[in-house]
Peer 1: 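Dumping the structure here so I can ask a few things about it.
Chain naming here is simple, since letters A, B, ... match the order of the sequence lines and numbering starts at 1 in each. None of the values given here were measured: they were computed from a predicted structure.
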Amino acid sequence: MSQMSDKYDHTAVEQSAQQFWNDHQSFLAPDDTSKPKYYCLSMFPYPSGKLHMGHVRNYTIGDVLTRFHKMQGYNVMQPMGWDAFGLPAENAAIANKVPPAKWTYSNIEYMKGQLKSLGFAIDWSRELATCKPDYYKWNQWLFLRMLEKGVAYKKTQVVNWDPVDQTVLANEQVIDGRGWRTGAVVEKREIPGYYLAITQYADELLNDLDTLDQWPERVRLMQANWIGKSTGVRFAFPHDIKDESGALINDGKLWVFTTRADTIMGVTFCAVAAEHPIATQAAKNNPELAAFIEKCKHGSVMEADMATMEKEGLPTGFNVTHPITGQQVPVWVGNYVLMSYGDGAVMAVPAHDERDFGFAKKYQLPIKEVIKVGDKAFSTDAWQEWYGDKENGVTINSGKYDGLGYTAAVDAVAADLAAKDLGEKKKQWRLRDWGISRQRYWGCPIPIIHCDDCGSVPVPDDQLPVVLPEDCVPDGSGNPLHKRPDFLNCACPKCGKAARRETDTMDTFVDSSWYYARFATPGNDSAMVDKRVDYWMPVDQYIGGIEHAILHLLYSRFWTKVMGDLGLVKYREPFKRLLTQGMVLNHLFSRRSDKTGIEWFAPEEVTLQHDASGRVTGATANRDGQPVEYGGYGTMSKSKRNGVDPNAMIEQYGADTSRFFMMFTAPPEQTLEWSDAGIEGSYRFLKRVWNFGNTFASELRGKLPATRTLATAKLPDNLASLRREVHLLLKQANYDLGKQQFNTVASACMKMLNALEKAPRDNAIAAEVVEEAFGILLRVLSPITPHITHYLWDALGYGRDILSADWPQPLDAALVQDEIELVLQVLGKTRGSVKVPAGADNKAIEALAIASEAAQKFMEGKPAKKVIVVPGRLVNIVC
RNA sequence: GCCGGGAUGGCGGAAUCGGUAGACGCAGCGGAUUCAAAAUCCGCCGCCGAAAGGUGUGUGGGUUCGAGUCCCACUCCCGGCACCA
């Protein structure tokens, strides 16, 4: 049994607990057990060097849930791995002339030590790193299966090309249109690359969002918007516009997509994107149009910019034929039409589309009303919201379509277009296929061999993995694999002739798209996954940052569905419940100087100034006493010097204090504002827990009777109310844990301690009540602060291992009371309280309430017209 | 511009179904202890008021015996974005 020391020595306590967990292999999750499983996963980190506070928060949330479920009897798996491929390793290699592999592996070692010092209940036997061949072999294997199924395919892609370094740049390496290292103007180049046809799964990815009822609503919405389904009609305006060779452009059809086919009789012009072939052709003899097109191509493509930007256009001089009326319709080039969406052209109905309306007014184009909403009067003077109403509108001025509602009109128009072979109903997706080729060294090699005779040949399965050499040092000028004949040169699997290996590697989102499934099947080198996934998957709880709400989560869902279609897994969705934690913020202090620009100050380098009420009014730098500018809270970042080092925190206050502070200060989904005073407060609380442990050991434990009597004893009032309070707080904490609202769980623990510190200590029954209550407190607190609670649980004789103790449940016997206090209201205003017997019926309560002194005073002699009794809560007298 | 979320003391936040607004903590103030300080402990702490009481959850209205919570309109803040036809 551990010994109690007078003072809380967090270092000794935490080392002792971690030693115990290590000796007893406390966090191993056995496979194939009859127990119900709980798979708790936090997004694995990129091994950038050291943990930041965002990681600490993320993994603390996961650890609280892990320990809570372990104590509830689940077989819990909480694994950890490393998202180890990526650009930062190459940048570090360029800077330090160290191979990315070496840098990555040493970072992993260091960060693993940090995770252990925080006491996370991680099953390290399942650790994986995506840069190891035994992992990425299966990226390659699945990619080959996708090729066979037609889910993976090759096409040209546009990339950023640095002409000086002769290399492809990632978007983040392009700064203001120039290469980050060379400063050279970046060019657009078209090169071949591999794509995954995620659009084949668009329908399922969208529909299955409905099954993810334990995901945050906003994440599901973001995914739905990203997939972007719209149903409408794709149809063509016939034309005879020819290109220079005399051939009809697009076979004489201008294709458009519309969700408002019901307004087709209101079309007064068409608009095409600047890159559209008709625009290109029209610009040939029209310098003004050519200049306009060039301007459009350089314009912003950000939606927010575009939404407020002036709609501009120029006529092409060409006409197309309206497919229903046969009338001629002029074609314009519009800066608001995107080539990348649909066919890069739209029909314009100024009367019923706000953007078309504005455009038509600006360029004096005709506006033709074709939808009537009720008896509202249409006017071309100004746009009204209801012009675009499709629910309540009826077609007018539309010939044979007159008098139809939205759905009927769309159906009728689509049928006529189909009869003329000029169009059909169609679903349109915003989602595009996923390009996975990266012209980078530090990634998973794409398993393809290029042969002069046979073309691109997949690497046969028995030659997998294609192993990436780990000793290359990139220098920024292109992919170092190009200088590695031992990697490049190989035999064509088809014809045996000398051939060349593909040097492109896969997007690192591939690595993270299925790692959660591999955690369930560690060590299997003959299969990607095995039957153990049927037990562990899907992940019961996934925790990570909101920044992954779209890409990572969507790719993982897609990858799961592909694996499912290949018969590898039975589940269709990988993550049952999702928690997106908020960011960690800290104060920002800066000073602007003409010489050096903005200088940032770390929070410990300044002194805050407060006014009398405690409000922050300013700050001064410690080094010169001069004022600095206080910039409020911002995300922790190296450049702004407001980061907090987890190691320093652990050393000064301990892992438990850091964990407690993170859980207590804000609910998990909200941003968390760092505060030195706040962490002091958390430390103070843990010291008080420790001190109460000492009090219990010295003043109460000796008074405990050999046979406990608590279950049957009639308690004096003060002890009964203490016991009731603790059990009520326990009930609250259990409820909040279900809601994953950990801040109020922490506060319930503080309230329990506040109550315990006031408890009587002078007799055996008091000792029993305190023993039970402190045991509850230690267990409820243990998922948040596992070390101190482990130590006290052992030292105070509760048991050897708190993690294997049962989670406490509130007892009905502890909650009952003879008399209850109800809030007393007169005319809805609180006027005091009234005590009634626990079993009193409404009539009795009404009588007691009216008779009370407070009620008599505020009723001013009027009779009660009505009395409302809310059982257990309040009584309101209306008079 | 569109979509989503939000606004509660000096601060972080609490309030499960519409039922005592401000739990818990931080900061601040007063006191005890100390030669002194730190640490610790006790007390006070939305606003107006001497008190009784009044008032108060971004603004304006509404529903209700009763609204932070529900409804309508508005303001501001945060996150996301694709002029998506």
Peer 1: When rounded to the nearest Å, what value does the distance between P atoms of U40(B) and G25(B) take?
Peer 2: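 One P to the other, the span is 14 Å.
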Peer 1: Applying the Watson-Crick and G-U wobble criteria at under 3.5 Å, what pairs with A67(B)? Answer none if nothing qualifies.
Peer 2: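 Partner of A67(B): none found under 3.5 Å.
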Peer 1: At under 4.0 Å between heavy atoms, what does Gln825(A) touch on the DNA or RNA strands: base, sugar-phosphate, or nothing?
Peer 2: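 Base, at least one base atom sits under 4.0 Å.
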Peer 1: Sorted by first residue and then second, give each salt bridge (Lys or Arg N to Asp or Glu O under 4.0 Å) pair with at least one member in residues 671-693 of chain A; sequence neighbours left out.
Peer 2: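 Sorted pair list: Arg688(A)-Glu757(A).
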Peer 1: So which nucleotide does C41(B) pair with, by the Watson-Crick or G-U wobble rule with both distances under 3.5 Å?
Peer 2: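 The answer is G31(B), by the H-bond criterion.
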Peer 1: Output yes when Lys843(A) and Glu846(A) qualify as a salt bridge under the 4.0 Å nitrogen-oxygen rule, no when they do not.
Peer 2: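 Salt bridge flag = no for Glu846(A) with Lys843(A).
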Peer 1: Is the shortest side-chain heavy-atom distance between Leu777(A) and Leu753(A) below 4.5 Å?
Peer 2: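 Touching, per the 4.5 Å side-chain cut-off.
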Peer 1: Using only side-chain N and O atoms of Lys758(A), determine if any of them is under 4.0 Å from OP1 or OP2 of C41(B).
Peer 2: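 No.
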Peer 1: Among C83(B), C24(B), G19(B), which is the nearest nucleotide to the side chain of Phe664(A)?
Peer 2: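 It is C24(B).
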Peer 1: Below the 4.0 Å mark, does C3(B) have OP1 or OP2 next to a side-chain nitrogen or oxygen of Arg430(A)?
Peer 2: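 So the side-chain polar atoms of Arg430(A) never come under 4.0 Å of the phosphate oxygens OP1 or OP2 of C3(B).
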Peer 1: Establish whether the base of G4(B) is bridged to the side chain of Glu217(A) by a donor-acceptor pair shorter than 3.5 Å.
Peer 2: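 Side chain to base: no pair present.
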Peer 1: Which listed nucleotide (U20(B), C26(B), A14(B)) is nearest to the side chain of Val823(A)?
Peer 2: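 Closest nucleotide to the Val823(A) side chain: U20(B).
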Peer 1: State which of G25(B), G54(B), A85(B) makes the closest approach to the side chain of Met750(A).
Peer 2: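 Of all the options, the side chain of Met750(A) is nearest to G25(B).
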Peer 1: Looking only at atom P, what distance separates G58(B) and A67(B), rounded to whole Å?
Peer 2: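 15 Å, rounded to whole Å.
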Peer 1: From the options G25(B), A85(B), A23(B), select the nucleotide whose nearest atom is closest to the side chain of Arg688(A).
Peer 2: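 The listed nucleotide nearest to Arg688(A)'s side chain is G25(B).
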Peer 1: Taking only N and O in the side chain of Asn743(A), is any of them less than 4.0 Å away from OP1 or OP2 of G25(B)?
Peer 2: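 Checking Asn743(A) against G25(B): no side-chain N or O falls below 4.0 Å of OP1 or OP2.
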Peer 1: If you take the centroid of each ring, where Trp contributes its six-membered ring, are Phe359(A) and Trp332(A) closer together than 6.0 Å?
Peer 2: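 Ring centroids of Trp332(A) and Phe359(A) are less than 6.0 Å from each other.
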Peer 1: Tell me whether the side-chain N/O atoms of Lys751(A) come closer than 4.0 Å to OP1 or OP2 in G25(B).
Peer 2: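 So the side chain of Lys751(A) is outside the cut-off, no N or O lying under 4.0 Å from OP1 or OP2 of G25(B).
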Peer 1: Categorize Gly681(A) for me: base, sugar-phosphate, or nothing, with a 4.0 angstrom heavy-atom threshold over every strand shown.
Peer 2: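 Answer is sugar-phosphate: Gly681(A) comes under 4.0 Å of backbone atoms only.
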Peer 1: Between A14(B), C84(B), U20(B), which one does the side chain of Leu338(A) approach most closely?
Peer 2: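 Selected nucleotide: C84(B).
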